[in-house]
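Quick notes on the structure that follows.
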There are 2 protein chains.
Amino acid sequence: MPKEARPSTGEQAKQHALTQLRQAILQGDMAPAQRLVENELAEQFDVTRASIRAALIDLAAEGLVERIRNRGSRVRVVTVEEAVAITECRMVLEGLCAAKAAVAASDEQLTELTDLGRAMTKAVADGEPVTYSELNSELHHKVREFSGQQTAVALLERLNAQLVRHRFQLALRPGRPQQSLSQHLAMIETITARDPQAAEAAVRAHLTSVIAALRD
Amino acid sequence: MPKEARPSTGEQAKQHALTQLRQAILQGDMAPAQRLVENELAEQFDVTRASIRAALIDLAAEGLVERIRNRGSRVRVVTVEEAVAITECRMVLEGLCAAKAAVAASDEQLTELTDLGRAMTKAVADGEPVTYSELNSELHHKVREFSGQQTAVALLERLNAQLVRHRFQLALRPGRPQQSLSQHLAMIETITARDPQAAEAAVRAHLTSVIAALRD
DNA sequence: CCAAACAAGATTGTCAACAATTTCGTCCGC
DNA sequence: GCGGACGAAATTGTTGACAATCTTGTTTGG
């Protein structure tokens, strides 16, 4: 059994580096458009440069970083226009997932959704935007999970990863939670009612509102 | 100026290898589930193993090949279920593109579509399924292009790459062209009428029919 | 005769040094 | 004082060799 405390060297160092780096970017530890120097990252995460390199290539494929030949890597900045385009894709794909979930989810899973709806209502009433934002993510995640649509889920995860900054910014806007709560509850209602078309429409209405908010 | 006749060594050898390999897979030169040995491919394409390796990693990110640790790469086989799931995603994303295209396309571009529709009608009347299949791809491609939705287009290209085998199989089925022609013409009509909702509905109807056909 | 262990071959994963390219500071000529 | 060119430092890209791992064929004991 190899010592796991210091995964500096190769076995799954790449995976380690990739996970660390991805989370660092998603949490905003790296400033937008910041240069990512391979040597620095290698020393920082205590892995070899090759591992960092492989991780950066993977992240570039995910759209989280941008690589320019002989010029290095930067964290990719998503313009508002791109964020809108991405959210439009999210809209149709999550609509598909919701419609599927309305048909495929089990009764226990539908109960989870109604519980989540109550928790979200409470979070808004108590004026806790952070909690609400977390529950929001959980709701979207559960809908995707219940749909059983692996392909769409994979695509959505990639798309969402590129939006963390804009999303975060949006969640803290005053008055926004109240505005989106009713839309979220409508999503839950239509899915638990096992009405695919209504569920898709509800998701679309919600994300159309998100797009409008994104545009300021 | 370096000699371009023998791009064996590294500069853009990776790109060369990647393109070659991708086309080989898409054209079906590689049997499904065939093992892809890095050394063999390196010799076959006359590039270094590192280039082949990088190309395989990229193709894995595209979903065209499957990589298992210490066990090599294989061309990924898409089951019918997966093909259906992928086509469902295509359905909503192409629906989005069609709706966008109905609004964003220029008048010249709409003319291209009507011309394409006439050509498709003629191909069916003349009983040329191969020509029809090519025009079919061209139509879908143009709709995506005219939408201006870069994100959706990128996702769709990835999805379509995984379906070539099933698509090919489907196009040669007797009676299928006649069946899909009217749906394609409906797509063209609704887009040229600049009616986003009808265009999306037409695309969905078409791909719903494709899904049904996929299931045999 | 069969099963399990073993060994040889093949294949992929990793690493460290080297080469190519870009960037930035400096110097020279005008 | 200013523009362009040269050169050094920094950074990425590539190569070849080595190590780890898996597969396959053979042998040995029951």
Side-chain angles (χ1 to χ4, degrees), chain A residues 1-21 24-25 30-76, chain B residues 1-21 24-25 30-76:
Chain A
M1 184 179 181
K3 47 184 174 185
E4 296 183 19
R6 188 176 178 275
S8 67
T9 172
E11 193 165 354
Q12 29 190 297
K14 183 175 68 184
Q15 289 300 323
H16 181 80
L18 195 150
T19 307
Q20 289 261 23
L21 239 180
I25 294 177
M30 308 288 190
Q34 174 173 347
R35 271 195 81 188
L36 300 174
V37 179
E38 296 181 356
N39 272 326
E40 292 178 8
L41 296 175
E43 191 174 358
Q44 181 176 339
F45 293 142
D46 198 15
V47 296
T48 64
R49 190 163 78 94
S51 302
I52 289 290
R53 190 179 185 72
L56 286 174
I57 290 175
D58 281 16
L59 289 175
E62 288 180 33
L64 279 176
V65 308
E66 204 176 11
R67 286 173 60 82
I68 312 174
R69 180 183 173 86
N70 287 323
R71 243 183 265 195
S73 314
R74 313 152 90 85
V75 320
R76 179 155 166 264
Chain B
M1 184 178 181
K3 47 183 173 183
E4 296 182 20
R6 188 175 176 276
S8 66
T9 172
E11 198 173 283
Q12 30 189 299
K14 181 176 71 184
Q15 289 301 322
H16 181 79
L18 195 149
T19 307
Q20 289 261 21
L21 241 180
I25 294 177
M30 309 287 191
Q34 174 172 346
R35 270 194 82 186
L36 300 174
V37 179
E38 296 181 358
N39 272 327
E40 291 177 10
L41 296 174
E43 190 174 357
Q44 181 177 339
F45 293 143
D46 198 16
V47 296
T48 64
R49 189 163 78 94
S51 301
I52 289 289
R53 191 180 184 72
L56 286 174
I57 290 176
D58 281 16
L59 288 176
E62 287 181 33
L64 279 177
V65 306
E66 203 177 11
R67 288 172 58 84
I68 313 174
R69 181 184 171 86
N70 286 323
R71 240 184 269 192
S73 313
R74 309 147 92 86
V75 321
R76 180 156 166 262

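Each chain gets a letter, A, B and so on, in the order its sequence line appears, and its residues count up from 1.
Dense packing is recorded around CZ of B:R76, with more than 12 heavy atoms of other residues, nucleotides or ligands lying under 6.0 Å away. For A:E43, the CD atom sits in a loose shell: 12 or fewer heavy atoms of surrounding residues, nucleotides or ligands are nearer than 6.0 Å. Counting non-hydrogen atoms of other residues, nucleotides and ligands closer than 6.0 Å to CD of B:Q44 gives a total above 12.
Put simply, the side chain of B:R67 and the base of C:dG13 share no donor and acceptor less than 3.5 Å apart.
In this model, the phosphate group of D:dT23 is approached by a side-chain N or O of B:R71 to a distance below 4.0 Å at OP1 or OP2. Residue A:T48 places none of its side-chain N or O atoms closer than 4.0 Å to OP1 or OP2 of C:dT14.
Summarising the geometry, the separation between CZ on B:R74 and P on C:dT11 is reported as 14 Å, rounded to the nearest angstrom. Taking atom CD1 of A:I68 as the reference point, atom P of C:dT22 lies 12 Å away to the nearest angstrom. The nearest whole Å value for the distance from the CZ atom in A:R35 to the C1' atom in D:dT11 is 7 Å. Separating the CG atom of A:L41 from the C1' atom of D:dT11 is a distance of 12 Å, rounded to the nearest angstrom. Atoms CG (B:L36) and C1' (C:dT11) sit 13 Å apart, rounded to a whole Å. Distance A:N39 CG to C:dA17 C1': 13 Å, rounded to the nearest Å. Remark: P of C:dG13 and CZ of A:R53 are 17 Å apart, rounded to the nearest angstrom. Between B:R49 atom CZ and C:dA10 atom P the separation is 15 Å, expressed in whole Å.
Annotation for A:R49 and A:E38: closest pair NH1-OE1, 2.6 Å, computed over non-hydrogen atoms.
Nearest to the side-chain atoms of B:N70 among the listed nucleotides D:dT12, C:dT14, D:dT21 stands D:dT21. For B:V37, the side-chain atoms get nearest to C:dT11 when compared with the rest of C:dT11, C:dC15, D:dC22.
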